[in-house]
Asks: 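Pasting a structure here, questions to come.
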Amino acid sequence: MGSSNDQGVEDDRIARISSVIRIIPGFPKPEIMFRDITTLLLDPKAFKDTIDLFVERYRDKNISVVAGIEARGFFFGPPVALAIGAKFVPLRKPKKLPGEVISEEYSLSYGTDKIEMHVGAVQAGERAIIFDDVITTGGTLCAAIKLLERVEAEVVECACVVEIAFLKGWNRLGDKPLFVLVSPN
């Protein structure tokens, strides 16, 4: 299946976004070609284009929850949530949220990690989208889906700015659609 970019004809906004994402060879490990989206945040036009494209996609989908994965999902989720009239729910690393949380563990290439969400932040039946900056192997997004589904939310879609397509992270998402703006492979 793979991810989708429903823009059809190449949107000049996609080209602009892609052009400002910096590639850093050898970070954090020698074999990695790191996609640095912080340079996107430095370009107000490209950053606005990014938010606008997501808002256009989700504006009429009756979304009540925008969940953002720490930390870079926090860059894109809140402005989209505000624009579509949804609440923003942060999915955080362990011990970062005060109060009662539920957590979901996931595998990394070098071990495991967890993400957590406040108990009561999301209600059964709410329609949610999940934001992260980049999808690689899909482990973090998969954990986020499980976390939201444990409280009986309906995960409508996962959204990322960049996809590292050859890693096929979308394979781990089951039947959940993945929408990406840039797939630079």
Asks: Between Ile63 and Tyr58, what is the shortest heavy-atom contact and its length?
Replies: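 Taking every non-hydrogen atom into account, CG1-O, 4.2 Å.
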
Asks: Is the backbone N or O of Pro90 less than 3.5 Å from a side-chain atom of Glu70, with the two atoms forming a donor-acceptor pair by type?
Replies: no

Asks: I'd like to know if Ile24 and Val20 are part of one continuous hydrophobic network [Ile/Leu/Val/Met/Phe/Trp/Tyr, side-chain heavy atoms within less than 4.5 Å].
Replies: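 No: no chain of side-chain contacts under 4.5 Å links Val20 to Ile24.
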
Asks: Could you go through the salt bridge (charged side-chain N to carboxylate O under 4.0 Å, His left out) check for Lys61 and Glu157 one step at a time?
Replies: CA-CA 11 Å; Lys61 296 208 187 227; Glu157 191 165 77; 5.7 Å; no

Asks: Counting only heavy atoms not in Glu149 (residues, nucleotides, ligands), do more than 12 fall under 6.0 Å from its CD?
Replies: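 Atom CD in Glu149 is packed in, count exceeds 12.
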
Asks: Do Val89 and Val119 sit in the same hydrophobic cluster, where Ile, Leu, Val, Met, Phe, Trp and Tyr count as joined when their side-chain heavy atoms come under 4.5 Å apart?
Replies: yes

Asks: When hydrophobic residues are tied together by side-chain contacts of less than 4.5 Å, even through go-betweens, does Phe34 share a cluster with Val162?
Replies: no

Asks: Provide the closest heavy-atom pair for Leu181 versus Ile14 in the form atom of the first, atom of the second, distance.
Replies: O-CG2, 3.4 Å

Asks: Salt bridge or not between Arg13 and Asp49? Use side-chain N to carboxylate O under 4.0 Å.
Replies: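 Judged by the 4.0 Å cut-off on N to carboxylate O distance, Arg13 and Asp49 do not form a salt bridge.
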
Asks: Where do Ile37 and Phe75 come nearest, in terms of heavy atoms and distance?
Replies: CD1-CD1, 3.6 Å

Asks: Check this for me: does any side-chain nitrogen of one of Glu154 and Arg127 sit under 4.0 Å from a carboxylate oxygen of the other?
Replies: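 Judged by the 4.0 Å cut-off on N to carboxylate O distance, Glu154 and Arg127 do form a salt bridge.
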
Asks: So, for Ser183 and Ala165, which heavy atoms are closest and what is the spacing to 0.1 Å?
Replies: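 In this case the closest contact between Ser183 and Ala165 is OG-CB, 3.5 Å.
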
